[in-house]
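For clarity, every value in this text was computed on a predicted model and none was experimentally measured.
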Amino acid sequence: MKSEIRKHALLIFCLLIYTSDMYAQDSVFSLSSPPRKPDNFWRRVAIGGNLGFQVGSITGITLSPEVRIRTIDQLNVGVRFIYQYYSYRDYFLDTHTGEFLPFQSNVFGGGIYLRYYLSSIFESFLANLFAHIEYEYMTYSRPFIQTAPPEGYITDGYYYYKPGKEIIEINSIFVGGGYRQPIGNRVSMDLLILFNINDTYNSPYTNPIIRLGVGVGL
């Protein structure tokens with residue numbers, strides 16, 4: 001599943017580069033371009049986000065709206081809000097009964113990031129490349145408490161648990177970059193490839209992390 005997602009993302013990336021010249025007038029300044037509207041606070045603001053889903057033995061839904069503002073030069077500061085729902089079929093094993101147990105969870109969180117577009121450096125399709133660094137915090141409730149045998153008789157194949165409620169907190173730091181493809185005067189599509197440098201056992205991510213989102217300028 002993850003390999004197929006990566007193949008599709010790379011295909012999208014190649015298509016974005018191939019079609020970038022069609023929209024160059026929206027992303028790269030030119031002396032022959034028509035005069036732009038005067039810059040102001042609201043023209044520096046963009047809203048967007050991404051929506052993801054997966055079905056099968058693992059069912060997942062991700063909703064992540066975001067807002068960002070361009071500050072100095074092409075440096076953008078953004079804030080993301082995150083909701084995720086996961087349902088894993090046969091995730092835990094009750095060693096007393098031999099029964100497999102599902103795992104369902106609602107994940108809430110948010111993140112803050114810095115993104116720098118290279119449009120002030122390049123005047124080709126490379127102007128739509130950007131660097132990205134982000135801190136993300138997420139929390140969810142697990143229906144079992146981690147402990148050791150014999151008290152812990154429920155296992156996920158790595159650790160042992162007992163019935164109870166445990167709050168899990170996840171702190172992630174992402175570094176990477178991406179490509180912005182304008183698809184209109186104030187609309188663009190962003191493809192990001194990130195790496196979590198604070199990966200832990202409870203993290204829902206597997207490096208590399210691929211995001212595909214949409215941004216709309218106000």
Which value, rounded to the nearest 0.5 Å, describes the distance between [X] atom [atom1] and [Y] atom [atom2]?
X	Y	atom1	atom2	answer
I173	I133	CD1	CD1	7.5 Å
Y201	Q146	OH	CD	7.5 Å
I69	W42	CD1	CH2	8.5 Å
I170	D199	CD1	CG	10.0 Å
E136	I112	CD	CD1	12.5 Å
L118	F130	CG	CZ	9.5 Å

Answer whether the closest heavy-atom distance between the side chains of [X] and [Y] falls below 4.5 Å.
X	Y	result
L212	M189	yes
L191	I210	yes
S203	N198	no
L63	Y85	no
F174	Y205	yes
P65	I47	no
R115	L192	yes

field: R142/D156 salt bridge by N-O under 4.0 Å criterion
entry: no
- request: May I ask you to decide whether R211 forms a salt bridge with E66, counting only side-chain N to carboxylate O separations under 4.0 Å?
  value: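 Looking at R211 and E66, the cut-off is not met.
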Does [X] reach the main-chain N or O of [Y] with its side chain, forming a donor-acceptor pair under 3.5 Å?
X	Y	answer
R70	R44	no
R186	R43	yes
T139	I168	yes

Looking only at non-hydrogen atoms, find the nearest pair between [X] and [Y] and report the distance.
X	Y	answer
G213	N50	CA-CB, 4.0 Å
Y161	T155	CD1-CA, 4.4 Å
P163	F144	CA-CD2, 3.8 Å
L194	G177	CD2-N, 4.0 Å
G111	E134	CA-OE2, 4.4 Å

ILVMFWY network linking [X] to [Y], side-chain heavy atoms under 4.5 angstrom:
X	Y	result
Y116	V77	yes
Y159	I154	yes
L75	Y135	yes
L51	I209	no

- prompt: With a 3.5 Å cut-off and no angle check, do the side chains of S188 and R180 form a donor-acceptor pair?
  reply: no
query: Is it the case that Y113 and N76 place a side-chain donor and acceptor less than 3.5 Å from each other?
result: no
- prompt: Would you find more than 12 non-hydrogen atoms of other residues, nucleotides or ligands less than 6.0 Å from I72 atom CD1?
  reply: no
- prompt: Would one find more than 12 heavy atoms of other residues, nucleotides or ligands at under 6.0 Å from atom OH of Y160?
  reply: no
Using residues 92-107 as the side-chain source, report each donor-acceptor pair under 3.5 Å to any protein atom, sequence neighbours left out, with the distance given to one decimal.
{"from": "D94", "atom 1": "OD1", "to": "H96", "atom 2": "N", "distance (Å)": "2.9"}
{"from": "D94", "atom 1": "OD1", "to": "T97", "atom 2": "N", "distance (Å)": "3.4"}
{"from": "T95", "atom 1": "OG1", "to": "Y153", "atom 2": "O", "distance (Å)": "2.6"}
{"from": "T97", "atom 1": "OG1", "to": "E99", "atom 2": "N", "distance (Å)": "3.3"}
{"from": "N106", "atom 1": "OD1", "to": "Y83", "atom 2": "OH", "distance (Å)": "2.5"}

field: Qualifying salt bridge (Lys or Arg N to Asp or Glu O under 4.0 Å) pairs with a residue from residues 143-153, counting only residues at least two apart or across chains
entry: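 Found E151-K162.
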- prompt: In a check of side-chain contact (heavy atoms from CB on, under 4.5 Å) between Y179 and each of I193, D190, N128, L126, which one passes?
  reply: N128
